[in-house]
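Here the structure is laid out as structure tokens; the discussion comes afterwards.
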Amino acid sequence: MPPQSRVQTRRPYRTLLAAFVAWKLFLFAIALGSSIIGDAYDTSARLVVQGPAGSDGAGAGQLTGLGPRLIGRFTSWDAIYFVSIARRGYRFEQEWAFGGGLPVVVGSILKGLRHLGCVVSSAPDGGAIPEAVAGIFVANTAHLLSALVLYRLGQVVWRDQTLSLVAALLHIISPAGLFLSAPYTESSFALLAFSGYLLFALGCRAEQRPARRDLYTVLAGVIFGLATAFRSNGILNGIPFAWEVLRNLPDLPRRPLDTVRRLFALGIGGVCVAVGSLGPQAVAYLRFCSGTSGAQLRPWCQGYVPSIFAFVQQHYWNNGFLRYWTVSNLPLFLLAAPMLVVLSKSGVEELTMGRRLPVADNPAESGRLLSLIRTAAAAQVLLTVLALTTYHVQIITRISSGYPLWYFWLARCLSRGEKTGSHVVMFMVMYASIQCVLFASFLPPA
């Protein structure tokens, strides 16, 4: 890094806050310009935000005032579902494709504000402006906090302040763009995922203090489980727990007491990750399948592993192995290609090279940290494969925001002056800017 870059590390949190505010103002200005220039392609967001008739008696979908119009632009695409669920709960089967974490948080915030008299309760068929505003607040707050947590994570794992700061700055300008500001789950997922990795890394650093190590491990599982309640791909964060179990099993005859306690903590943490995914499925099963006769059962109720999420993704959103591989979707594969390359390249390098050992106080801590890095790389590579073969591939540019490893890989490329690093950063800024215009106009890709 050049000397002037190192000076900024003296006040890293002030640097991150300034960069965050500047980037958000830039994106908000683009969204504001889009709302002033003309109407969005689709009026769904307006109908959800304002309600069927509008709070001021205007016609349906006619948002008046710059503020409500801008809120409507942020409440586009899947944000419509999150805001609607936060307002009146899950009503339709297809809504179970969207994690309940964000609606629960938004609903809890508004419930608390209404209890304090800060927000007036609205009619059941009214607009969802309070939910939309709360969702925007949660998303932006979580994005800022996730950048701070990522900076701390880099310090714990690599003990390199400059590398950590650059990685956190890269997260701020993530190609996820406006998805990290709108009522979406990406920023909240990133905050929880980074926090889970931070707790797991702190557990690695506490190798010589078993009680603290195991406590950090369990807490990491709890946080990862909450992340999974926001986004289903959070289940990949269970890989570090599974790998640590395999690593520690050979020590069972040699150190039975400590190993059993460690395996117990890893088991609890892994179960917590799984609960974040299985919990909502159990709730849906009790609602749709329990006490219902065979003729009225939904098809997924009778599956070997009944999962409303898997059924909804396949039935309503056409997700599935190679289902997205059509000629008409080729442009979306091309748009996703840069992030697919970044995720796969950074993940494979960390998995195969293994030359950048973390600095730790003893070999045992270094070994655990190295395992954590490699399992994070494995989760990232697996996500890339799933996005390429099973998901709607274009979402990789936003869901990649919640995976920490590639930010540090890119920061290292920049520190070495590699052209790859500068090219990726240029892509991130350009993609996020263009995507902001399209998102605010309700135009694909989303």
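For clarity, every value in this text was computed on a predicted model and none was experimentally measured. Numbers here are sequence positions counted from 1.
Environment of CG in L257: sparse, with no more than 12 heavy atoms of neighbouring residues, nucleotides or ligands closer than 6.0 Å. When the shell of 6.0 Å around CZ of F137 is examined, it contains 12 or fewer heavy atoms from other residues, nucleotides or ligands. The 12-atom threshold is exceeded at OH of Y316, counting heavy atoms of other residues, nucleotides or ligands nearer than 6.0 Å.
Using bins of under 30°, 30° to 60° and over 60° for the plane-to-plane angle, the ring pair F98/Y81 lands in the parallel bin. Classified by interplanar angle (parallel below 30°, tilted 30° to 60°, perpendicular above 60°), the ring pair F189/Y403 is tilted. Ring geometry for F311 versus H315: interplanar angle under 30°, hence parallel rather than tilted (30 to 60°).
The backbone N or O of E131 sits nowhere less than 3.5 Å from a side-chain atom of R87 that would complete a donor-acceptor pair. Between the side chain of S76 and the backbone N or O of R73, at least one donor-acceptor pair lies under 3.5 Å. A donor-acceptor pair is defined here as one N or O able to donate and one able to accept, closer than 3.5 Å; such a pair exists between the side chain of S401 and the backbone of R398. A side-chain donor-acceptor contact under 3.5 Å links S187 to the backbone of A139. Under the 3.5 Å distance criterion, the side-chain polar atoms of Q435 are matched with a main-chain donor or acceptor of L178. Listed for the S277 side chain is no donor-acceptor partner under 3.5 Å among the backbone atoms of A274. A donor-acceptor pair under 3.5 Å is absent between the side-chain atoms of S188 and the main chain of T185, judged by distance alone. N140 contributes a side-chain N or O that, together with a main-chain N or O of S181, makes up a donor-acceptor pair within less than 3.5 Å. For T397 (side chain) and Q394 (main-chain N/O), a donor-acceptor pair under 3.5 Å exists by modelled atom type.
T162 has its side chain within reach of D160: a pair of non-hydrogen atoms, C-beta onward, lies under 4.5 Å apart. For the pair I172 and K24, the minimum side-chain heavy-atom distance is 4.5 Å or more. Two residues are said to be in side-chain contact when any heavy atoms from C-beta on lie closer than 4.5 Å; W300 and W96 fail this criterion. Residues R323 and Q314 are in side-chain contact: their nearest non-hydrogen atoms beyond the backbone lie under 4.5 Å apart. By the 4.5 Å heavy-atom criterion applied to side chains, V381 and S344 are not counted as neighbours. The side-chain heavy atoms of M428 and P175, taken from C-beta on, include a pair separated by under 4.5 Å. In this structure the side chain of Y324 never reaches within 4.5 angstrom of the side chain of Y391, judged on heavy atoms. You'll find the side chain of W158 reaches within 4.5 Å of the side chain of I373, heavy atoms only.
Looking at Y151 and Q155, their side chains do bring a donor and an acceptor atom within 3.5 Å of each other. For the residue pair S371 / R247, a side-chain donor-acceptor distance below 3.5 Å is found, with atom types taken as modelled. Between the side chains of T259 and N248, no donor-acceptor pair is found at a separation under 3.5 Å. Between the side chains of W406 and Q380, no donor-acceptor pair of N or O atoms lies under 3.5 Å.
Among all heavy-atom pairs drawn from G421 and L414, the shortest one is C-CD2, 3.5 Å. Listed here is the closest heavy atom pair of A376 and L405: C-CD2, 4.4 Å. Shown here for Q281 and I308, the closest heavy-atom pair between the two residues is OE1-N, 3.1 Å. Taking both residues in full, the closest heavy atoms of A132 and I71 are given as CB-CG2, 3.6 Å, listed atom of the first, atom of the second, then distance. Annotation for L150 and P404: closest pair CD1-CB, 3.7 Å, computed over non-hydrogen atoms. Shortest non-hydrogen contact noted between W317 and Q94 is NE1-O, 3.9 Å.
The distance from the CD1 atom of I396 to the CG atom of L332 is 13.5 Å, given to the nearest 0.5 Å. Distance CG/L192 to CD1/I223: 6.0 Å, rounded to 0.5 Å. Separating the CG atom in N319 from the OG1 atom in T390 is a distance of 8.0 Å, to the nearest 0.5 Å. From L180, atom CG reaches atom NE2 of H171 across 6.0 Å, with rounding to the nearest 0.5 Å. Annotation: the span from E244 atom CD to L249 atom CG amounts to 11.0 Å, rounded to 0.5 Å. To the nearest 0.5 Å, atoms OG (S146) and CG (L153) are separated by 11.5 Å.
Between E418 and R412 there is no salt bridge, since no side-chain nitrogen of the basic residue lies less than 4.0 Å from a carboxylate oxygen of the acidic one. At a threshold of 4.0 Å, the pair R213-D258 counts as salt-bridged, since one of the basic side-chain nitrogens sits closer than that to a carboxylate oxygen. Checked for salt-bridge contact, R88 and E95 meet the test: a charged N lies under 4.0 Å from a carboxylate O. Of the charged side-chain nitrogens involved, at least one lies within less than 4.0 Å of a carboxylate oxygen, so that R261 and D214 count as a salt-bridged pair. Using a cut-off of 4.0 Å between Lys/Arg side-chain N and Asp/Glu carboxylate O, R298 and E93 are scored as salt-bridged. Salt bridge annotation for E207-R262: present, with a cationic side-chain nitrogen under 4.0 angstrom from a carboxylate oxygen.
Considering F408, Y407, F224 in turn, F224 is the only one that fulfils the ring pair (Phe, Tyr, Trp, His ring centres under 6.0 Å) rule with Y197. Each of L370, L369, V156 was checked for a side-chain contact (heavy atoms from CB on, under 4.5 Å) with C204, and the lone residue meeting it is L369.
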Exercise for the section: Could you please spell out the steps behind the side chain to side chain donor-acceptor pair (under 3.5 Å) verdict for E349 and W409? Expected result: CA-CA 9 Å; E349 282 191 11; W409 173 85; 3.0 Å; yes
Practice task
For L27 and W23, run side-chain contact (heavy atoms from CB on, under 4.5 Å): C-alpha distance rounded to whole Å, both residues' side-chain angles, the deciding distance at 0.1 Å, then the answer.
Solution key: CA-CA 6 Å; L27 293 182; W23 179 249; 3.4 Å; yes
Exercise for the section: Take W325 and N329 through the side-chain contact (heavy atoms from CB on, under 4.5 Å) test and state the conclusion after the steps. Expected result: CA-CA 7 Å; W325 285 37; N329 287 331; over 6 Å; no
Exercise for the section: Please assess K111 against S108 for the test side-chain contact (heavy atoms from CB on, under 4.5 Å), listing each intermediate value before the final yes or no. Expected result: CA-CA 5 Å; K111 184 177 180 180; S108 299; 5.6 Å; no
Exercise for the section: Report the C-alpha distance between L382 and I239 in whole Å, list the side-chain angles of each, state the deciding distance to 0.1 Å, and finish with yes or no for side-chain contact (heavy atoms from CB on, under 4.5 Å). Expected result: CA-CA 10 Å; L382 184 55; I239 293 177; 4.3 Å; yes
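For F442 and W77, the ring centers are positioned less than 6.0 Å apart. Between F241 and F200, the distance separating the two ring centers is shorter than 6.0 angstrom.
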